[in-house]
Structure formats: structure tokens, C-alpha cells
**Q** 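Below you'll find the structure I mean.
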Amino acid sequence: MKNIDSSTHVRGESVYLDDIPVIRGTLFGAAFGSPIAHGILKSLDLTAAEAMPGVVRILTYKDVTGENQIGGIVPDEPLLAEHHVHYCGMPIAFILAETDEEAHAAIKKITVDIDPLPVITDPREAQARGDLIVGARTFRLGDVATAWEQCAHVFEGTADTNGQEHLYIETQGAYAVPQENNGIKLYSSTQGPTAVQRAVSRSLGLPMHQIDVDVTRLGGGFGGKEDQANMWAALCALAAHVLKRPVKYALNRIEDMAMTGKRHPYSSDFKIGLDADLTIIAYEATFYQNAGAAADLSPAVLERTLFHCTNSYFIPNVTAIAYCCRTNLPPNTAFRGFGGPQGMFVIEAAIAKAAYSLGIDAAVIQAKNLNQTGDEFPYGQKAESEARACWDKAVTTYKVDMRRSQIADFNAANILYKKGVALMPVCFGISFTNTRMNQARALVHVYTDGSVGVSTGAVEMGQGVNTKMVQVAAQVFSILPERIKIQSTSTYRIANTSPSAASATADLNGRAVQIACTDILNRLKAVAAQELHTDEAAITLKDEWVYVGDQCTDYTWQRLVLAAYGRRISLSEHAHYATPVIHFDPVTGKGHPFAYHVYGTAVVEVTIDCVRGTYETDAVNVVHDFGASMNPLIDRGQIEGGIVQGIGWMTLEEVIYDKAGRLRSNALSTYKVPDIYSVPKEITIEFLQTQTDNLAIFRSKAVGEPPLMYGIGAYFALRNAIRAFNPSATIPFDAPMTPEKVLLALYDTISAPAALPLTNDKIATDLAVNS
Ligand code: MTE
Ligand code: HPA
Ligand code: MOS
């Protein structure tokens with residue numbers, strides 16, 4: 001089934017926050033953010049700004065009617081700064097004006113006097129000063145201390161990954177409309193309608209039932225709107241509540257990039273020990289997470305780094321320690337993979353270091369150590385593994401051995417261009433790691449014309465979850481998908497939702513839809529049995545018709561629905577689903593946190609230009625464990641998008657803050673994301689269709705986040721290509737591998753081998769070969 005949004009998307013008819021018709025009397029908001037990263041607020045002068053045309057009011061923390069606090073996991077984030085500013089862009093005042101332009105013009109007239117304090121941007125420095133947001137976390141399996149003695153080889157190093165801008169096409173924003181008796185209706189570009197509802201309720205001092213958060217769809221979230229939509233929604237709601245006028249604020253791109261958090265940069269130390277036959281016996285990792293100035297979701301992200309610190313490998317002795325370090329950057333937040341990619345990068349770096357030092361290909365160590373069914377993860381869960389199945393299928397399907405020799409030939413024949421290849425296995429756990437978040441609800445109404453309205457807690461953000469919800473209802477009822485409408489996600493219809501995140505949205509909400517539809521179906525079958533004077537067990541519904549046994553009756557779906565209504569049978573159902581089996585104890589660090597794991601292997605091939613340091617991704621060839629995909633088209637789209645986003649993080653995208661904590665890569669002129677020229681020339685995806693039972697909806701495994709981590713393969717392929725040119729290059733594990741870094745590594749030693757014997761003739765033939 002094709003994505004139900006595709007035709008309105010291509011016609012430009014899909015409605016996003018900024019497309020909602022504006023109600024007369026609407027005011028436009030704009031946040032004034034701190035110009036410096038750390039300091040004490042001495043004074044704030046609003047007079048000039050208040051005198052600007054169109055300005056109606058400027059709110060500060062003094063105007064907050066409830067608690068000036070929006071922190072979720074830790075209450076450490078004011079809605080508006082009081083006396084202390086912790087990062088550049090931290091909202092201090094909220095301007096309300098008759099137009100968006102007037103609100104933004106007034107921002108420039110606000111002056112502040114801030115006594116500066118030392119600015120910390122480095123997580124290791126924060127950790128050394130004891131500036132942690134939560135206590136250190138440790139995951140442990142076996143005993144590394146004694147394991148080192150059994151190792152034939154031990155390698156140590158550091159590995160760093162940088163942040164990543166979410167770059168959802170639709171920026172953050174909210175539109176708050178006051179209702180009678182202090183109610184607020186809020187349109188918000190959020191992955192977490194309930195998170196917004198809670199934040200608004202708390203900061204306005206109103207009960208949650210007064211706040212209706214309504215979401216039609218997002219132009220992308222990627223984790224950036226799991227928690228960080230709250231700020232803008234709460235500001236708009238506060239203004240609407242105080243001024244009794246509708247208030248809208250859709251951030252412009254520069255504001256969004258400067259004021260919101262990103263993927264967490266990490267700096268990490270590793271130590272890996274192998275025995276003589278290359279089995280990894282011990283692994284130790286210490287993660288320094290750059291959390292930014294407030295907790296946001298950082299402690300949960302930190303935990304997922306630990307969950308995924310051994311990626312697809314079984315390692316019997318593991319100690320992994322993680323620090324959630326407070327710095328003076330905007331609070332970093334969820335981003336596709338939720339800390340998992342940062343953990344996986346480090347184990348891949350450790351393996352790459354071991355392989356290079358031993359003079360072998362990393363794939364030898366990777367293949368040797370893939371986990372198998374029954375192997376224990378450091379958090380106690382036993383693997384039901386498809387790791388080897390994916391790896392082996394990738395190696396054979398994509399003829400990896402043959403390609404290696406072709407690449408070797410190419411590299412021997414070319415001086416100006418070198419190719420590199422790397423394999424990237426992925427093992428990603430599906431479920432919120434916070435067990436209690438793994439629940440969902442659905443509300444299904446069948447109307448008397450036979451049409452069906454479905455409400456869930458799922459937020460459509462381009463990942464196709466609404467299409468999957470249609471498929472679930474259509475399959476249970478056995479009716480045409482056109483009969484089914486997925487309603488907007490509303491906290492009035494569905495309460496206490498978990499955010500659409502953790503790749504689990506279709507699983508959780510889909511199961512709830514399945515339960516609700518099945519309940520209605522069972523009531524309809526009872527009606528049919530009465531109408532047709534037969535046994536309920538004999539009734540089935542197939543393609544819009546009622547059957548008794550194999551016999552098609554003259555009852556259509558629609559006729560049956562009317563009959564049920566006539567018999568005063570409920571045609572509505574509200575259902576709840578909670579993932580069974582899962583549990584996890586954060587104190588011991590043990591349990592069974594994931595409903596299941598998703599596996600896969602990518603083969604990534606790149607070519608570098610050894611004169612310029614630029615590169616291209618020739619191919620990403622994947623074998624991916626879909627379970628039994630319920631929508632191969634959508635799932636392929638998720639994989640392609642995830643790969644490109646992962647490659648961007650690992651190669652081009654460079655978030656740069658200066659020492660004063662100011663974002664320098666603050667626009668799309670200075671922050672490079674993959675474009676049509678830099679996406680892989682080829683992406684192929686082989687389905688590993690597995691028949692084993694799992695807790696996914698219709699056994700169709702979650703697909704949202706896991707493919708991002710295939711992009712890590714591009715980083716290691718680039719290293720291999722560099723080494724083909726300069727075998728002794730020292731290449732720190734420091735992602736992203738920008739063209740500048742490639743160039744530095746290519747010529748890192750004076751005797752960079754191939755650079756010297758070049759003649760004009762040789763260059764000419766090389767260029768000809770590669771043109
Ligand atoms: N795909 C699109 N097009 N847009 C998005 O914002 N978010 C990703 C992924 N794929 C995202 C996306 C993230 S971070 C997650 S957790 C999942 O989708 C969430 O949706 P799911 O749970 O339905 O997979
Ligand atoms: N994944 C994504 N988002 C989350 C999680 C998680 O495990 N926990 C809380 N928010
Ligand atoms: Mo995704 S990072 O769980 O929103």
C-alpha cells in the first residue's frame with residue numbers, strides 16, 4: 001500500500017503547523033535568547049522593544065502563572081531564564097506582536113547586562129569538575145579485570161563523535177488558542193503531544209484536562225521534537241493564557257538551529273582485548289556525553305549508549321561507564337538512534353584499531369565475534385540473533401570477496417583516486433528503555449455509513465505510521481483502506497501517550513488499533529450470527545462481505561454496521577496495549593528491556609579524490625532484518641533515509657561551537673547536509689524475511705532508527721581508502737570525516753607515498769580513467 005499522504009504531499013496540500021488558517025486577533029511570538037553562554041543576569045531592559053510598532057507585550061519569568069519549569073527527567077530547565085543563563089539562545093523574554101516581522105524587529109531592541117561566568121563546552125572538562133547531570137552509569141558483564149590477562153592482544157584509544165542538527169524541514173513551532181474557562185487548544189509540531197500537555201499544564205498551573213494538544217503531522221522530527229517542542233508550546237500557551245488571544249510562533253531556521261539541542265557529541269575511551277584466534281574477550285569503554293546545559297532526555301540517551309555499546313557482538317567481559325556531562329551548550333536531545341549510534345561507533349573504532357595494528361581487515365574480527373541466539377547482552381537479555389544470517393547473506397549477495405579484489409586492483413592502478421570498503425553490522429533494541437513508556441491506546445469509531453475513524457497516540461512525521469495504522473484496521477475488518485481515516489493525534493481523544501519515538505510507534509499503537517478493531521469485529525460477528533440465524537463461529541468478514549463458512553451472504557460490511565446500530569450495539573472501542581515480557585532494573589543494570597532486536601549488515605564502498613580530499617559513496621548494500629515487512633515501500637524509504645542521515649552525521653555534517661559557546665555552523669551555508677550529489681550512487685536493500693515470532697505488529701519489525709547506523713560504515717570505508725593512499729597515516733577516530741580531515745590524513749606524513757612520483761602524464765591517464 002502506498003503512503004496515504006503521498007498525493008497531498010506532492011500537491012502541497014498536506015497541512016503542517018504553519019498552514020493552519022490563522023484566526024483573527026492572533027499574536028505572533030518571538031523568543032529573545034541569551035547572547036552569551038553562561039552568566040548572571042544583572043538587568044534586562046525592555047523599554048525600547050516595548051515601544052516598537054505592533055508590540056503588545058513582552059513576557060519574562062515573572063509572568064509565568066505556574067511553575068517556571070519544563071525539565072522532564074530532571075527539573076533543571078526554566079521556561080524563561082530567571083537570574084542565571086546557561087547557554088547561548090536560552091530564552092529570556094517572549095515578545096508578542098501583531099505580526100511576525102514586528103515581533104522579530106523588537107527582539108533587536110532588547111538589551112541585557114550579564115556578568116559572564118566560565119563557559120564549558122567540553123564534556124571531559126565538565127566531568128573533571130564534577131559537573132554531572134545524573135550520577136555515572138555502569139553496565140557490567142563478566143569481569144574485565146581478570147580477562148585482560150587472558151588476552152593475546154590489547155588495544156586502547158579514544159573515539160569522538162560530533163553532534164548533528166536534526167534539520168527537520170518544518171521548524172519547531174506552536175499555535176495556542178484560548179478556550180472558555182481557561183482551556184487552551186494547542187497545535188504543536190511535536191512528537192510527544194502528552195509531553196507538551198504536561199509542560200504546558202505545569203508552567204501555566206492548569207490541570208492537564210484543560211490542555212488539548214492536537215497534531216496532524218510533522219515535517220520531520222528525528223527525535224528533535226520528542227522533548228524540545230515543549231518550550232515553544234509552553235511559551236505560546238502562556239502568552240495565550242495571559243493575553244486571552246491566540247498566539248503563534250513558528251521558529252525561523254536560524255532561531256531553530258541556534259536555540260535547540262542536537263544529537264549529543266561524545267568523547268570516549270576504549271580498551272579491547274582479543275585472544276590469539278581474534279575472539280574479543282574483554283571490552284572497556286568510558287563515555288563522556290556532552291549533554292548541554294539541562295538534562296532534557298540526556299540520561300535516557302546515555303543509557304541507550306550503554307545498551308548498544310557492544311553493537312552486534314558477543315563479548316563475555318564488558319565494563320561500560322557513562323557520564324552525563326553538563327556543559328554550556330543548548331540542551332542536547334534525542335536524535336534517531338538515541339545514543340545507540342554513539343556507542344556503536346566506539347566499538348567499531350576499537351575493532352578498527354585492533355585490525356590495523358594486527359595488519360588484518362576489520363571484517364575478520366567483526367565476523368568472528370557476531371552474537372548468536374542465546375548470547376547474553378551486558379544488560380542481561382539473551383539474544384535472538386539474526387546477526388550472522390544478515391552478515392553471511394550480505395557477504396554472498398554483494399560478492400564482498402570479489403569486490404575486495406576489484407578494489408585492490410583499482411587502488412593499484414590509480415594514484416589520484418582510492419577506494420575503500422567497510423562492513424557495518426547493526427543490532428538495535430526495540431522498546432523504550434524506560435519500560436513504563438511501552439504502552440499505547442487507540443480509539444476506533446465505526447460510523448453508520450461504514451466509514452471508520454481511528455485515533456491513536458502515534459504522530460505522523462514522515463515515517464508512514466498513519467499508513468500502517470490504516471493497514472492494521474483494514475486487515476482486521478477486511479475492508480477497503482479508503483473507508484479508514486486516521487484522525488489527528490489529540491490529547492482529548494487519546495490520553496497519556498508516549499512520544500512517537502524509539503521506532504516503536506507502529507508496534508505500540510498498531511497493537512492497540514488491532515485490539516480495538518478486533519473487539520468491534522467480534523461484536524459485529526455476533527450481530528451477523530443473529531441476523532443470519534447461524535453460529536457466531538461460522539461468521540467471517542472478507543473483502544467487505546459477510547461469509548457463513550465459505551458461503552458469501554448478502555450482507556455487506558455497510559449493511560452489517562447498520563444492523564448493529566439498529567440493534568443498539570456499540571460501534572466504538574477504546575483499547576490499551578502494553579508490551580508484555582519486558583522489564584529492566586536500572587539499579588542493577590539487568591533485565592529484558594527490549595521486545596526484540598533488529599539486525600542488519602551494510603557493505604559501504606567509497607572513493608576518495610586524493611588531490612582534493614573529497615569523496616563519494618559508491619554504494620551502500622544492505623541486508624536488513626524486517627521480520628515480515630507489512631509495508632516494504634515505506635520500510636525501504638526509512639532505510640534509504642536513515643542511511644543518508646547516518647552518512648551525513650559521519651562525514652559532512654559538522655556542528656561547530658566556539659569556545660564562547662556560540663554556534664558557528666548556524667545556517668545551511670555553513671552546515672552541510674547530504675544533498676543529491678553526495679547521497680550514495682547506489683543503495684540496495686535485501687530483505688531478510690524471518691518467520692520467527694516476535695512482538696512486532698504483524699511481525700513487521702520496527703524500522704525507523706536502525707538503518708541510520710549503517711552510515712557508520714562510510715566512516716570506516718573512508719579510513720580504508722585513505723590508508724590505500726597513505727598506509728601509515730595517523731587518523732584519529734574523530735567523526736565526522738570531513739573532506740578537510742581526509743586531506744590532512746592523506747598527507748599526514750611528509751613521505752606520503754604516492755604523492756611524489758606523479759607526472760603530468762600519469763595524472764592525465766588517471767583522470768581519463770576516472771572521468
Ligand atoms: N522518518 C521520517 N521521514 N521523519 C522522521 O522524523 N524520525 C525517525 C524515524 N524515521 C523520522 C523518520 C525517528 S528518530 C524515529 S524514533 C522513528 O522514525 C519514529 O517513528 P516510528 O516509531 O514509527 O518508527
Ligand atoms: N528511545 C527513544 N526515546 C526515548 C527512549 C528510548 O529508549 N526513552 C525515552 N525516550
Ligand atoms: Mo527517535 S530519536 O526515538 O525520536
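The structure presented is a predicted model; accordingly, all values stated were derived computationally and were not measured. Ligands are counted one by one from 1 in listed order, and the atoms in each one are counted from 1 as well. The first residue in the sequence is number 1, and the count goes up from there.
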**Q** Please examine the side chains of Glu460 and Ser500, heavy atoms only from C-beta on, and report whether any two atoms are closer than 4.5 Å.
**A** no
**Q** Output yes when the distance from some N or O of ligand 1 to some N or O of Ala502 is under 3.5 Å, and no in every other case.
**A** no
**Q** Regarding Lys225 and the six-membered ring of Tyr168, is the cationic atom NZ or CZ under 6.0 Å from the ring centre and inside 45° of its axis?
**A** yes
**Q** So does Pro378 get a backbone contact from the side chain of Lys590, meaning a donor-acceptor N/O pair under 3.5 Å?
**A** yes
**Q** Where the closest heavy atom to atom 8 (C) of ligand 1 is concerned, which of Glu170, Gln463, Arg336 has it?
**A** Arg336
**Q** Under 3.5 Å, is there a donor on one side chain and an acceptor on the other for Glu653 and Gln164?
**A** yes
**Q** Considering all heavy atoms of both residues, which atom of Thr489 and which atom of Pro193 are nearest to each other, and what is their separation?
**A** CG2-CG, 4.0 Å
**Q** Residue-level breakdown please: for Ala458 versus ligand 1, do any non-hydrogen atoms fall below 4.0 Å on the side chain, on the backbone, on both, or on neither?
**A** neither
**Q** Any nitrogen or oxygen of Met461 lying under 3.5 Å from a nitrogen or oxygen in ligand 1? Just yes or no.
**A** yes
**Q** Ala504: heavy atom below 4.0 Å from ligand 1, yes or no?
**A** yes
**Q** For Phe335 and His166, take the angle between the two ring planes, folded into 0 to 90°, and tell me which bin it lands in: parallel under 30, tilted 30 to 60, perpendicular over 60.
**A** parallel
**Q** Looking only at non-hydrogen atoms, which of Asn509, Thr505, Asp635 approaches atom 21 (P) of ligand 1 most closely?
**A** Thr505
**Q** Identify all pairs of nitrogen or oxygen atoms, one from ligand 2 and one from the protein, separated by less than 3.5 Å, and list them with distances.
**A**
unit_1, atom_1, unit_2, atom_2, d
ligand 2, 3 (N), Glu226, OE1, 3.1
ligand 2, 3 (N), Glu226, OE2, 3.1
ligand 2, 7 (O), Arg304, NE, 3.4
ligand 2, 7 (O), Arg304, NH2, 3.1
ligand 2, 7 (O), Thr433, N, 3.2
ligand 2, 10 (N), Glu226, OE2, 2.6

**Q** Using a 6.0 Å distance limit plus a 45 degree cone around the ring axis, check whether Arg441 lies over the aromatic ring of Tyr577.
**A** no
**Q** Kindly print each ligand 3 N/O atom paired with any protein N/O atom under 3.5 angstrom away, one pair per line, or none if nothing qualifies.
**A**
unit_1, atom_1, unit_2, atom_2, d
ligand 3, 3 (O), Ala502, N, 2.7
ligand 3, 3 (O), Glu705, OE2, 3.3
ligand 3, 4 (O), Gln191, NE2, 2.9
ligand 3, 4 (O), Gly223, N, 3.4

**Q** For a side-chain hydrogen bond (donor to acceptor under 3.5 Å, both in side chains) check, start with the C-alpha distance between Glu170 and Ser189, then their side-chain angles and the critical distance, and finish with the verdict.
**A** CA-CA 8 Å; Glu170 181 193 28; Ser189 183; 2.9 Å; yes
**Q** Out of Asp625, Asp635, Asp693, which residue meets the salt bridge (Lys or Arg N to Asp or Glu O under 4.0 Å) rule with Lys701?
**A** Asp625
**Q** Is Gly223 in contact with ligand 1, taking contact as a heavy-atom separation below 4.0 Å?
**A** yes
**Q** Does Phe335 reach ligand 1 with a nitrogen or oxygen that is under 3.5 Å from one of the ligand's nitrogen or oxygen atoms?
**A** no
**Q** Check this for me: does any side-chain nitrogen of one of Arg336 and Glu705 sit under 4.0 Å from a carboxylate oxygen of the other?
**A** no
**Q** Please check: side-chain N/O of Thr491 versus main-chain N/O of Ile211, any donor-acceptor pairing under 3.5 Å?
**A** yes
**Q** Does Phe594 form a ring-ring contact (aromatic ring centres under 6.0 Å, His included) with Phe377? I'd like the steps, not just the answer.
**A** CA-CA 11 Å; Phe594 299 118; Phe377 289 104; 7.9 Å; no
**Q** For Phe307 and Phe139, take the angle between the two ring planes, folded into 0 to 90°, and tell me which bin it lands in: parallel under 30, tilted 30 to 60, perpendicular over 60.
**A** perpendicular
**Q** Out of Glu705, Arg217, Gln638, Lys225, whose heavy atom sits nearest atom 10 (N) of ligand 1?
**A** Gln638
**Q** Aromatic ring centroids of Phe428 and His308 under 6.0 Å?
**A** yes
